[in-house]
Amino acid sequence: MDVSHILDRLNDPQREAVTASGGHHLVLAGAGSGKTRVLVHRIAWLIEVEQVPGWNILAVTFTNKAAREMRSRIDELLTIPSGAMWVGTFHGLAHRLLRSHWKEAGLSQGFQIMDSDDQFRLIKRILKSLDLDDSRWPPRQVQWFINAQKDEGRRPKHIDDCDDFFQKQMIRIYQEYEDACKRGGVVDFAELLLRSHELWLNNPELLEHYRKRFSHILVDEFQDSNSIQYAWIRLLVGTHNLLFVVGDDDQSIYGWRGARVENILNFQSDYPGSSLIKLEQNYRSSGNILKAANSIIEHNPTRLGKNLWTEDGAGEPVHLYSAFNEVDEARFVIGRIQEQIEQGKQRSEIAILYRTSAQSRLFEEALIQTSIPYRVYGGMRFFERAEVKDALAYVRLINHQHDDVAFERAVNQPPRGIGPRTLDAIRQHAREFSCSMWQASVELKQGGDMQARAANAIQHFIDLIEDNRSADDDLPFHEDISRIIAISGLRDHFQKSRDGKGQDRIENLDEVINAARQFINHEDELLSDLDAFLAHASLEAGENQGQEYEECVQLMTLHSAKGLEFPVVFIGGLEEGLFPHRMSADDPERLEEERRLCYVGMTRAMQQLTLSHAESRRLHGSESYPLPSRYLREIPHQYLLEVRSTPQISRPYAPAAQSNSEGQFHLGQQVTHPKFGEGVILNSEGEGSTARVQVNFADTGVKWLVVNYANLS
DNA sequence: GAATGCGAAGGCAGG
DNA sequence: CTTCGCATTC
């Protein structure tokens, strides 16, 4: 048969990976080395050449975006239909599994998914009900603890209390949390994975069924898998199935949410006889960018080791700008972007990356000033907005009365006279009788154990929910949602609000109806349209909202940039304490992860990469004077070019900076110091006898020196 | 019980 | 600089 459409345009290692036969395979795919292409072509190879039926194939990714892209590229490449292949994220596949086997998994039929905000609120309520001081037991920390345990596959009973009071208490809270989830019929993200792992462990015949079905298992971004995902895959692979994983240990940046880079480092010992294929040719970045990125990642001691190369020319050097402060940094970047656009670049070819979401604001302000359209990825996603969650809480409660998370959210929003006292009574009753809050309200109301006023308010709420429930009809579900939003009083409530955001909120409510109208249910053999929509809202949170307007400058965190590429990339805030972040400062492993994050960011750039740092930055309300990031020192000078502010942008408050030391030293100049050795001038300030220059020394790092004493040459 | 105002506390990355 | 919990007042 003709396989040229599968094998043409692949280099040798890529072709080796695509056509590899038998056994397990680990493909170490460097940034921009054609990782997705290899996966997609591998699947086409299996289907068209090895004649593996589509329904024997399972392909797992980490993000919905990656899953969508893989699906569409497979469809593009295949000459025959892909059949009932499973392609999805770990969470999406686990969810599907649990919907099919909710009974065996010990879940309720209509179980709902909590996002991390729901989870946080639930934990706060549990701490309150246990009468624990939340300054001693910070909800964030508890949430982190519970998720970390689940990521490692541990239930409360599996955790060693170490005879330690703190640990014991944490385990107790975890147990209470589990009970509350069960009462409310809700599962969090980590629970999806843990529960579906247990489903297989406890139901050997089910496991056997899926083992028979999925003879070929492919995993993307393997370095991002956590312990439970790894165990899940390993269980499914069993002794007969074939595993093909693609990953890059240098791009492992999700350790903080449980990812274990060891999974990729230990792959060959866990799967004896598996083959290792390295993809090292980079098709994305020009030479200088790639070399600069390589020289940074080489500072990490624990790597499998890989050296990316390119056939491309050196291209432009990596640009470096030292900004006076964070405002100057933003103005410089936006000035450069204007130049790029004037030179014919599309706005969507330009990306600004940063370490923390908060940094986007400055760039946004500068972009607004210059009227350049932009789009911020990540941040608050559509289905995470308060008003959207309020509306969906009503929808959830109407369809699943026992959903306590939805109950708590909807019961007094908008305010209808059900205050803390009444709610406390309901919560207590629910705990006592181990029932849902909905049931507790009904029982309390009927028992007459309530003040008349509260009982009235509760009855009003119960009627509201019940009436909508009985209004079950054949209307498309978006009409139900529309009616619920109107009847709940949310629309009126936001209409009346005077905080200036009311109109936005109402528009978002309308957008919920819109999203429901456009929603396509892909799981209709498992779920009603409405439940599929609710699951979609939790699992996807509206990642792709607003993608219709593409011609924008792209703003995003370094994390969300992974997997993307742009001709022109700016990375801001390369400062100690920000990047690497101070929270990582005292842990070598986390510092390595920060460096990998920097590597990921730099390797997004195709033609032009500009790094910047600010000498002073307003952070959390106070001024700081951070040192330039260590990563700037790790780039050899020959790949770097120091740039100065574009002419139309003056450096505020430092007009003298450009003129001082004129004729003697200038920014970017190579200098030699008798003691510190060779370095590059990063910056300067002051005049005459007090003039100082900031020098980045190859050996000792960045230092400020007084020109008159430093004896620089 | 709801609206308003104040002070303290917490702040990273994201599916 | 925000957000959240709390106290005060209506």
Side-chain angles (χ1 to χ4, degrees), chain A residues 61-67 88-95 113-117 119-121 124 128 133-135 138-141 144 147 151 188-193 221 224-226 229 252-259 353-362 377-381 383-384 386 411-423 451 453-454 456-458 493 496-499 535-544 556-563 573 577-585 587 590 593-594 596-598 600-601 617-623:
Chain A
T61 63
F62 276 80
T63 64
N64 295 299
K65 193 164 62 186
T89 63
F90 275 105
H91 290 95
L93 296 170
H95 173 243
I113 305 166
M114 267 190 298
D115 67 12
S116 48
D117 177 62
Q119 186 186 38
F120 183 71
R121 288 156 176 264
K124 277 213 287 205
K128 201 161 243 173
D133 177 8
D134 59 2
S135 62
R140 281 266 163 249
Q141 215 172 308
W144 184 86
N147 288 334
D151 284 344
D188 58 49
F189 287 138
E191 183 72 25
L192 290 170
L193 304 171
E221 305 277 20
D224 290 335
S225 60
N226 64 29
Q229 289 162 334
S252 167
I253 55 173
Y254 285 106
W256 51 273
R257 62 172 205 215
L353 312 181
Y354 35 79
R355 176 66 177 81
T356 66
S357 304
Q359 287 166 258
S360 77
R361 212 196 77 241
L362 293 150
Y377 279 69
M380 182 63 80
R381 290 187 291 274
F383 285 110
E384 290 171 351
V411 66
N412 206 32
Q413 168 74 347
R416 54 170 64 83
I418 303 171
R421 288 184 76 95
T422 316
L423 279 174
Q451 298 267 327
R453 205 161 106 179
N456 234 352
I458 279 287
H493 173 68
K496 282 187 224 124
S497 84
R498 292 178 283 105
D499 64 357
H536 164 85
S538 305
L539 285 173
E540 298 219 21
E543 271 179 74
N544 50 352
M556 67 194 78
T557 63
L558 287 151
H559 280 89
S560 51
K562 190 165 77 148
L578 184 62
F579 190 25
H581 200 274
R582 59 178 60 74
M583 302 296 272
S584 306
D587 181 345
R590 294 179 60 167
E593 182 159 309
E594 295 271 336
R596 292 194 290 265
L597 188 56
C598 183
V600 166
R617 180 176 296 273
R618 219 176 156 71
L619 213 57
H620 311 311
S622 60
E623 209 78 27

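The figures here come from the full heavy-atom set of this structure, side chains too, leaving out hydrogens, waters and symmetry mates. In what follows, chains are A, B, ... by sequence order, proteins preceding strands, each numbered from 1.
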Trainee: So if I take every side-chain heavy atom of Lys124(A) and compare against dG11(B), dG5(C), dG14(B), which nucleotide ends up nearest?
Mentor: dG5(C)
Trainee: Please report, rounded to the nearest Å, how far the P atom of dG5(C) is from the CG atom of Leu423(A).
Mentor: 14 Å
Trainee: Any side-chain heavy atom of Phe189(A) sitting closer than 4.5 Å to one from Gln119(A)?
Mentor: no
Trainee: From CH2 of Trp256(A) over to P of dC12(B), roughly how many Å is that when rounded to an integer?
Mentor: 11 Å
Trainee: Counting only side-chain heavy atoms from C-beta out, which of dG14(B), dG15(B), dC6(C) sits nearest to Lys128(A)?
Mentor: dC6(C)
Trainee: Report the residue (Ser135(A) or Glu593(A)) whose heavy-atom-nearest nucleotide on DNA chain B is the more 5′ of the two.
Mentor: Ser135(A)
Trainee: Heavy-atom distance under 4.5 Å between the side chains of Leu597(A) and Arg355(A), does that happen here?
Mentor: yes
Trainee: Rounded off to whole Å, could you give me the CE-to-P distance for the Met556(A) and dG15(B) pair?
Mentor: 12 Å
Trainee: For the side chain of Asn412(A), starting at C-beta, report the closest nucleotide among dG15(B), dA2(B), dG1(B).
Mentor: dA2(B)
Trainee: Side chain of His91(A) only, please: which of dG15(B), dG11(B), dA13(B) is the nearest?
Mentor: dG15(B)
Trainee: Please work out if Arg140(A) contacts a base, only the sugar-phosphate, or nothing of the nucleic acid, heavy-atom cut-off 4.0 Å.
Mentor: sugar-phosphate
Trainee: Any side-chain N or O of Thr63(A) less than 4.0 Å from the OP1 or OP2 oxygen of dG14(B)?
Mentor: no
Trainee: When you measure from the side chain of Pro420(A), which nucleotide among dA13(B), dG1(B), dG14(B) comes out closest?
Mentor: dG1(B)
Trainee: I want to confirm an ordering. Mapping His559(A) and Arg416(A) to their closest nucleotides on DNA chain B, which one lands closer to the 5' end?
Mentor: Arg416(A)
Trainee: In whole angstrom, what separates Ile113(A)'s CD1 from dG14(B)'s P?
Mentor: 21 Å
Trainee: Find the distance Asp224(A):CG to dG15(B):P and express it as a whole number of Å.
Mentor: 11 Å
Trainee: Are the side chains of Glu623(A) and Arg617(A) in touch, meaning some heavy atoms are under 4.5 Å apart?
Mentor: no
Trainee: Please confirm whether the shortest side-chain N or O distance from Arg381(A) to OP1 or OP2 of dG15(B) is below 4.0 Å.
Mentor: yes
Trainee: Using OP1 and OP2 only, check whether a side-chain N or O of Asn147(A) sits under 4.0 Å from dG15(B).
Mentor: no
Trainee: With a 4.0 Å cut-off on heavy atoms, is Thr422(A) in touch with a base, just the backbone sugar-phosphate, or nothing at all?
Mentor: sugar-phosphate
Trainee: Ignoring the backbone of Ser560(A), work out which of dG14(B), dA3(B), dG1(B) is nearest its side chain.
Mentor: dG14(B)
Trainee: May I ask you to check whether Trp256(A) and His581(A) place their ring centres under 6.0 Å from each other?
Mentor: no
Trainee: Provide, to the nearest angstrom, the distance between the CH2 atom belonging to Trp144(A) and the P atom belonging to dG14(B).
Mentor: 18 Å
Trainee: Checking contacts here: which listed nucleotide (dG15(B), dC12(B), dG1(B)) is nearest the side-chain heavy atoms of Arg421(A)?
Mentor: dG1(B)
Trainee: Given dG1(B), dC12(B), dA2(B), identify the nucleotide with an atom nearest to the side chain of Arg453(A).
Mentor: dG1(B)
Trainee: Please check the phosphate of dC12(B) (OP1 and OP2 only) for any side-chain N or O of Ser357(A) closer than 4.0 Å.
Mentor: no
Trainee: How many Å lie between CD on Gln229(A) and C1' on dG15(B), as a whole number?
Mentor: 10 Å
Trainee: Are Arg596(A) and Glu593(A) ion-paired here, with the side-chain N under 4.0 Å from a carboxylate O?
Mentor: yes
Trainee: For Tyr354(A) and dG14(B), give me the distance from atom OH to atom P, rounded to whole Å.
Mentor: 9 Å
Trainee: By the 4.0 Å heavy-atom rule, please label Asp115(A) as base, sugar-phosphate, or nothing.
Mentor: nothing
Trainee: For Arg590(A), answer base if it contacts any base atom (sugar-phosphate contacts may also be present), sugar-phosphate if it contacts only those atoms, and nothing otherwise; contact means non-hydrogen atoms under 4.0 Å.
Mentor: base
Trainee: Counting C-beta onward and ignoring hydrogens, is there a side-chain heavy-atom pair between Gln451(A) and Arg421(A) closer than 4.5 Å?
Mentor: no
